[in-house]
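Naming convention: chains lettered A, B, ... in sequence-line order (proteins, then strands); numbering from 1 in each chain. FYI, side chains are in, hydrogens and waters are out, and symmetry mates aren't considered; it's all heavy atoms of this structure.
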Number of protein chains: 2
Amino acid sequence: MQNSEAMALSAALLAVAGELTQRIHEGVVARGFEGVRPAHGFAFARLAPGGATVTELAAHLGVTKQAASQLVDEIVRKGYAERRPHPADARARLVVLTEQGWACTRAAEEAAAEAVGPWVELLGEGEVRALRDRLLRIAPYGPIRPAW
Amino acid sequence: MQNSEAMALSAALLAVAGELTQRIHEGVVARGFEGVRPAHGFAFARLAPGGATVTELAAHLGVTKQAASQLVDEIVRKGYAERRPHPADARARLVVLTEQGWACTRAAEEAAAEAVGPWVELLGEGEVRALRDRLLRIAPYGPIRPAW
DNA sequence: GTGAATGGTCAAGCTGCTTGACTATATGCA
DNA sequence: TGCATATAGTCAAGCAGCTTGACCATTCAC
């Protein structure tokens, strides 16, 4: 594949990702969840299954644990999560979503569906599913980092 | 399309975009261009055709013109671009790439091709082209914003 | 010609991240 | 068991990149 083609693919990918992030964020805000940033959504995704420690969250987000701890401070203060004693390690604390945190996560899913809607209209549902499947196959396992 | 499917698509897209950005950046640094950030690449892309004003660059990047001006300061100081008087407007200044700026842009294209290489191996060239075409059709015209 | 709009910069401030230092608990090994 | 080392987390300070606000020079509209 030519360099220019690879660059066009990259640019399109980053442009679409940036717009998608913005639209999801706007949709979440429109549903009444204020003071929440896109990065919080990535944190919620990691906390959702059954909670996580600050260190695990830091690894997931690709930042230092101090930064992750500050982020947790913020979402705790705003009522989206809470810190509980860790059941198996007295050093650690388990960060879990509150009901408001879950509601915000559901709002983000709705907003995502809304943002993807135009793609379905433009490409058709099958094509969008194909897009998803291809992306899932090349998606990394590592931390979720910002696009720039 | 279900909310959860839209969310999976979004997450995969953002993960791939984040990893791609990081790999291109690493590739550029590996080619000897230090002190350059991913955001500079988006600026170079806008400057490449025939230069641009600070205000145009700000619109392209989705930041204030003060921020764009600071970014231009930086890439000028590092030798990637220079400010010239604007041929048609004495208020404005045309920011153009230097030869080093062009070299860095070519390095970014090479790095992009390198980063996309594994996708071609995994999906095949036709599938990657299909991915590019679909992304290009849903790519926005607006500013290139960071993914989060 | 004159008032409003536009391109650009300077200065100050804020936010979110980093590095460095530290405490408390857990783990590995003599 | 006891002690050295590693790990979870926090506090504090600093920094980078962005924002808002103010300002000057030039251009545009009428």
Euclidean distance, atom NZ of residue B:Lys78 to atom C1' of D:dA16 [Å, nearest integer]: 11 Å
By nearest nucleotide on DNA chain C, pick out whichever of B:Ser69 and A:Ala88 is the more 5' one. B:Ser69
Remember a base hit wins even if backbone is also touched, and classify B:Ala67 as base, sugar-phosphate or nothing at under 4.0 Å, heavy atoms. base
Could you tell me which non-hydrogen atom of A:Val116 sits nearest to which non-hydrogen atom of B:Ser10, and how far apart they are? CG2-OG, 4.3 Å
Atom CD1 of B:Ile75 and atom P of D:dG17: how far apart are they, to the nearest Å? 13 Å
Taking CZ from B:Arg93 and P from D:dC24, how many angstroms apart are they, rounded to a whole number? 18 Å
Rounding to an integer number of Å, can you tell me how far A:His60 NE2 sits from D:dA8 P? 17 Å
Contact class for B:Thr64 (heavy atom, under 4.0 Å): base, sugar-phosphate, or nothing? base
Using whole Å, what does the distance between atom P of nucleotide C:dC14 and atom CD of B:Gln70 come to? 16 Å
Are the charged groups of B:Lys78 and B:Glu34 less than 4.0 angstrom apart, N to O? no
Under 4.0 Å between a Lys/Arg side-chain N and an Asp/Glu carboxylate O for B:Glu127 and B:Arg129? no
Minimum heavy-atom distance between B:Thr53 and B:Ala92, given as atom pair plus value: CG2-CB, 4.2 Å
Determine, for A:Arg106 against A:Glu110, whether the closest basic-nitrogen to carboxylate-oxygen distance falls under 4.0 angstrom. no
Which part of the nucleic acid, if any, lies within reach of A:Ala90 when heavy atoms closer than 4.0 Å are counted: base, sugar-phosphate only, or nothing? sugar-phosphate
Hey, are A:Glu114 and A:Arg31 close enough for a salt bridge, meaning a charged N less than 4.0 Å from a carboxylate O? yes
Atom CZ of A:Arg37 and atom P of D:dC18 are separated, to the nearest Å, by 15 Å
What is the distance, to the nearest angstrom, from the NZ atom on B:Lys65 to the C1' atom on C:dT9? 9 Å
What I want to check is whether an N or O donor and acceptor connect the side chain of B:Arg91 with the base of C:dT6 at under 3.5 Å. yes
Residue-phosphate contact under 4.0 Å: B:Thr55 side-chain N/O, C:dT6 OP1/OP2: no
Is a donor-acceptor contact shorter than 3.5 angstrom present between the side chain of B:Gln66 and the base of D:dG17? no
So if I take the C1' atoms of five pairs at each end of the helix from C:dG1-D:dC30 to C:dA30-D:dT1 and get each local axis, what angle do the two axes make, rounded to 10 degrees? 30°
If you assign each of B:Glu74 and A:Arg83 to its closest nucleotide in DNA chain D, which residue comes earlier from the 5' end? A:Arg83
Do A:Glu5 and B:Arg132 touch side chain to side chain, with heavy atoms closer than 4.5 Å? yes
Write down the distance between NE2 (A:His86) and C1' (D:dG9), rounded to a whole number of angstrom. 13 Å
